[in-house]
Number of protein chains: 2
Amino acid sequence: MAEGKLQREVKKKRPFDSAEQEALLNVVRTGDRLQIHFTRLFREHELTPSQYNVLRILRGEGRPMECMEIAERTVAVVPGITGLIDRLEKAGLVTRQQSQEDRRVYLVTITACGLALLAGLDEPVLALHRKLLGHLTQSELEQLIRLLEKARSPWEDAD
Amino acid sequence: MAEGKLQREVKKKRPFDSAEQEALLNVVRTGDRLQIHFTRLFREHELTPSQYNVLRILRGEGRPMECMEIAERTVAVVPGITGLIDRLEKAGLVTRQQSQEDRRVYLVTITACGLALLAGLDEPVLALHRKLLGHLTQSELEQLIRLLEKARSPWEDAD
DNA sequence: CTCAATTAGTTTACACATCAACTATCGGCG
DNA sequence: CGCCGATAGTTGATGTGTAAACTAATTGAG
């Protein structure tokens, strides 16, 4: 247990400066690696991870949403949403129309085509979850979730 | 313990489809949030995280390195390295010169200016590690490291 | 009511990741 | 020797994230 695998992976000569650093690099690297697999899966369906996330949010909410709302629930910042919606609209997966109540806001709605695309991805996405983390026991998954939530707790809400 | 914080954060109506999914989203989200803080720190010194990583690799190795070697130790793929090195060279932090043995390869060397920049960042980086994960006990950090290594183990080497 | 502050969203500029295509060089085989 | 495949690196196109400046519309204080 003395030297972790990440240490060998990045071929560092000396040990990590601290356990915090080793844990932090492990989290970041694992997150990257996880995302890569989903990126590949989505690409087979001409989607990027960001686009998939937006579609999932729209389906989950089940109603037209403002750009601001969407931005709040993704990593993306408001300006990035514009181009994202542009491309989704061009692909026919969402529609955008000006709100009548407040003409500053544009409401984004997922189309039947978008819903069908998501439906076709549900099973592969679940299968990929199992493939990537299925070798951990339920107890280990719970431990991992608990530790990560505790890690984020001081800086996730107010920073 | 029943419902995790991430579930509330993303305001999902229903629980996660599986513990694998919840753990996966937790890893990805935590990794993103961690990176954001370092991005801000590096930006104060006119560096991006990718640029910082390349400089750290060069300092750690202590010798001129080929682009291929650098690419292997970062998330970046070879084509991305080109522009990265371009910008570092323009900033005077590295130099690039054609190898004499094999004129296909270009050797990248960190400059004294680059080393000085890194030296000034060492303490703030360590401090940020402590700030972000210092509230976890040593035992928790070790657990987290162990779980993440186990998570990656099936797909990190050969995939 | 009117004007200033606020808010939603877009545009622009830059850094980066990815893929495909290209150039230059090396190495080996005939 | 000369050509052909392999390799190192670059370039270009597309998508995304970030920040700053901008437009359009709403709100609120005087």
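Naming convention: chains lettered A, B, ... in sequence-line order (proteins, then strands); numbering from 1 in each chain. Everything numeric here is computed off the predicted structure, so don't read it as measured data.
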Q) Within this structure, what is the CZ-to-C1' distance between B:F38 and D:dT18, rounded to whole angstrom? A) 19 Å
Q: For A:I81 and D:dA19, give me the distance from atom CD1 to atom P, rounded to whole Å.
A: 14 Å
Q. According to a strict under-4.0 Å criterion, is A:R40 in side-chain N/O contact with OP1 or OP2 of C:dA17?
A. no
Q: Calculate the interatomic distance between A:F42 atom CZ and D:dG15 atom P; express it in whole Å.
A: 17 Å
Q. Over how many whole Å does the gap from A:R96 atom CZ to C:dG9 atom P extend?
A. 10 Å
Q.
On DNA chain C, does the nearest nucleotide to A:V105 precede the nearest nucleotide to B:P49 from the 5' side, or the other way round? Give the residue.
A. A:V105
Q: Check every strand shown and say whether A:V78 touches a base, only sugar-phosphate, or nothing at a heavy-atom separation below 4.0 Å.
A: base
Q | Gap between atoms CG and C1', on B:L88 and C:dC16 respectively (whole Å) | A | 12 Å
Q.
Would you say B:L88 ends up clustered with B:L107 if hydrophobic residues are merged whenever their side chains have heavy atoms under 4.5 Å apart, either directly or through other cluster members?
A. no
Q. Is the shortest side-chain N to carboxylate O distance from B:R130 to B:E123 below 4.0 Å?
A. yes
Q: Report, as yes or no, whether the 6.0 Å neighbourhood of atom CD on B:Q100 holds more than 12 heavy atoms from other residues, nucleotides or ligands.
A: no
(Q) Looking at A:R103, I'd like to know whether one of its side-chain N or O atoms comes within less than 4.0 Å of OP1 or OP2 on C:dT7. (A) no
Q.
Measuring only between side-chain heavy atoms, which start at C-beta, is B:L121 closer than 4.5 Å to B:L47?
A. yes
Q: Using atom CZ of B:R87 as one end and atom P of D:dT11 as the other, report the distance to the nearest whole Å.
A: 12 Å
**Q.** Side-chain N or O of A:T48 closer than 4.0 Å to phosphate OP1/OP2 of D:dT16
**A.** yes
Q) Would a distance-only check, ignoring hydrogens and angles, find a side-chain to backbone donor-acceptor pair under 3.5 Å from A:H135 to B:K150? A) yes
**Q.** Whole-Å distance separating the CE atom of B:M68 from the C1' atom of D:dT10
**A.** 14 Å
Q) CD of A:Q51 versus C1' of D:dG15: gap in Å, rounded? A) 8 Å
(Q) Pick the closest DNA chain D nucleotide for B:D86 and for B:R43 by heavy atoms, then say which residue is nearer the 5' end. (A) B:D86
Q: Would you tell me if any nitrogen or oxygen in the side chain of B:T39 comes within less than 4.0 Å of OP1 or OP2 on D:dT18?
A: no
**Q.** Quiz item: A:R104 side-chain donor-acceptor pair to C:dT7 base, under 3.5 Å
**A.** yes
(Q) Categorize A:P79 for me: base, sugar-phosphate, or nothing, with a 4.0 angstrom heavy-atom threshold over every strand shown. (A) base
Q. How are the rings of A:Y52 and A:F42 set to each other: parallel, tilted or perpendicular (split at 30° and 60°)?
A. parallel
Q) If you look at every strand shown and take non-hydrogen atoms under 4.0 Å, does B:S50 touch a base, only sugar-phosphate, or nothing? A) sugar-phosphate
Q.
Can you see if the side chain of B:Q35 gets near the phosphate of D:dG17 - specifically, an N or O under 4.0 Å from OP1 or OP2?
A. no
Q: Indicate, with a heavy-atom threshold strictly under 4.0 Å, whether A:L84 touches base, sugar-phosphate, or nothing.
A: sugar-phosphate
Q: Using a cut-off of strictly less than 4.0 Å, decide whether A:Q98 has a side-chain nitrogen or oxygen near OP1 or OP2 of C:dA8.
A: no
